[in-house]
Amino acid sequence: MTIKERVQNIESAEFDLFEQKLSLVIEKAYLRGVADGQTKFAIKPLLTRKEFMELVDIGETKCAELFNRRDFPVTREFGHPRVPRDLLFEWIHANTDWVRANAPKAMQLIKAI
């Protein structure tokens, strides 16, 4: 094997090693970004009054109105009102005028889930 061929083999091996390292760095950064996104943007299972108001972008008056509705998913079993996230989204789907008017079959599927 000539010196030129040896140099090419070494350069090829170095490139392969660099490529593997770069791939690992990218994968690690991606996984960290996913984990950061999940913790930063996750919605807790039980929302406080303030968290609920921030999530749906409403004020105190509208929040009080909703919390006093019989059909609104709020629990007071923990000393302070809490809104269960999953029930909230079901309630939103069930009370969205467009869905009710335009997708009755979809509503049946949502309720089945």
Side-chain angles (χ1 to χ4, degrees):
M1 185 179 286
T2 67
I3 293 178
K4 184 177 180 181
E5 291 172 336
R6 288 180 185 172
V7 168
Q8 286 176 340
N9 285 343
I10 291 171
E11 287 175 349
S12 177
E14 287 176 344
F15 179 78
D16 289 344
L17 183 60
F18 172 76
E19 190 175 38
Q20 290 172 358
K21 286 182 178 181
L22 182 60
S23 178
L24 288 172
V25 167
I26 291 170
E27 182 180 357
K28 184 177 177 181
Y30 170 78
L31 293 174
R32 183 172 180 186
V34 168
D36 288 350
Q38 288 173 336
T39 56
K40 184 176 181 180
F41 299 109
I43 300 173
K44 298 184 329 186
L46 279 176
L47 302 170
T48 65
R49 181 183 186 92
K50 182 179 177 182
E51 290 166 340
F52 166 70
M53 290 180 354
E54 288 174 4
L55 178 67
V56 296
D57 193 26
I58 60 172
E60 291 281 342
T61 305
K62 187 64 177 179
C63 181
E65 177 187 320
L66 289 169
F67 276 28
N68 287 317
R69 284 181 58 158
R70 288 181 149 286
D71 67 331
F72 188 76
V74 63
T75 181
R76 292 173 175 82
E77 298 299 320
F78 303 105
H80 297 286
R82 296 284 190 260
V83 179
R85 173 198 61 211
D86 297 340
L87 294 177
L88 171 64
F89 287 119
E90 286 178 25
W91 184 87
I92 290 170
H93 287 292
N95 289 279
T96 299
D97 293 336
W98 185 92
V99 172
R100 205 173 23 247
N102 297 294
K105 290 182 183 176
M107 285 302 297
Q108 290 174 357
L109 291 174
I110 290 170
K111 288 179 182 176
I113 296 172

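The analysis underlying the following values was restricted to heavy atoms, covering all of them including side chains, and did not include hydrogens, waters or symmetry mates.
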Treating R85 as the side-chain partner and L47 as the backbone partner, does any N or O pair qualify as donor plus acceptor under 3.5 Å?
no
Hey, are the side chains of K28 and L24 touching, using non-hydrogen atoms and a 4.5 Å cut-off?
no
same_hphob_cluster(L87, M53) at 4.5 Å side-chain heavy-atom cutoff:
no
Taking the side chain from T96 and the backbone from I92, do they hold a donor-acceptor pair closer than 3.5 Å?
yes
Shortest non-hydrogen contact between P84 and P73, atoms and distance
CD-O, 3.2 Å
In short, P81 meets R76 closest at the heavy-atom pair CA-CG, 4.2 Å
Could you walk me through whether Q8 and R6 pass the side chain to side chain contact (heavy atoms under 4.5 Å, CB included) check?
CA-CA 5 Å; Q8 286 176 340; R6 288 180 185 172; over 6 Å; no
Assess the residue pair Q20 and F15 against the criterion (side chain to side chain contact (heavy atoms under 4.5 Å, CB included)); give the C-alpha distance rounded to whole Å, side-chain angles, the decisive distance to 0.1 Å, and a yes or no.
CA-CA 9 Å; Q20 290 172 358; F15 179 78; over 6 Å; no
Taking everything shown except D36 itself, do over 12 heavy atoms lie less than 6.0 Å from its CG?
yes
Apply side chain to side chain contact (heavy atoms under 4.5 Å, CB included) to residues L66 and I58 and explain how you reach the verdict.
CA-CA 10 Å; L66 289 169; I58 60 172; 3.9 Å; yes
Distance in Å, R82 CZ paired with R49 CZ, rounded so as to fall on 0.5 Å steps:
11.5 Å
Classify the ring geometry of F52 against F67: parallel below 30°, tilted from 30° to 60°, perpendicular beyond 60°.
tilted
Do other residues, nucleotides or ligands put more than 12 heavy atoms under 6.0 Å from the CD1 atom of I3?
no
Would you say R32 has more than 12 foreign heavy atoms packed within less than 6.0 Å of its CZ?
no
Consider only side-chain heavy atoms of I, L, V, M, F, W and Y, link residues closer than 4.5 Å, and tell whether I26 and F18 are in one cluster.
yes
The reported gap from OG in S12 to CG in L17 (rounded to nearest 0.5 angstrom) is 11.0 Å
Test of understanding: clusters of I, L, V, M, F, W, Y form through side-chain heavy atoms closer than 4.5 Å, transitively. Do F89 and V56 belong to the same one?
yes
Are more than 12 heavy atoms, taken from residues, nucleotides or ligands other than E77, located less than 6.0 Å from that residue's CD atom?
no
Main-chain N/O of E51 paired with E54 side-chain donor or acceptor, under 3.5 Å
no
Using the rule that Ile, Leu, Val, Met, Phe, Trp and Tyr join whenever any side-chain heavy atoms are under 4.5 Å apart, tell me whether V83 and I43 fall into a single cluster.
yes
Could you check R69 against N95 for side chain to side chain contact (heavy atoms under 4.5 Å, CB included), going step by step and ending with a plain yes or no?
CA-CA 13 Å; R69 284 181 58 158; N95 289 279; 4.0 Å; yes
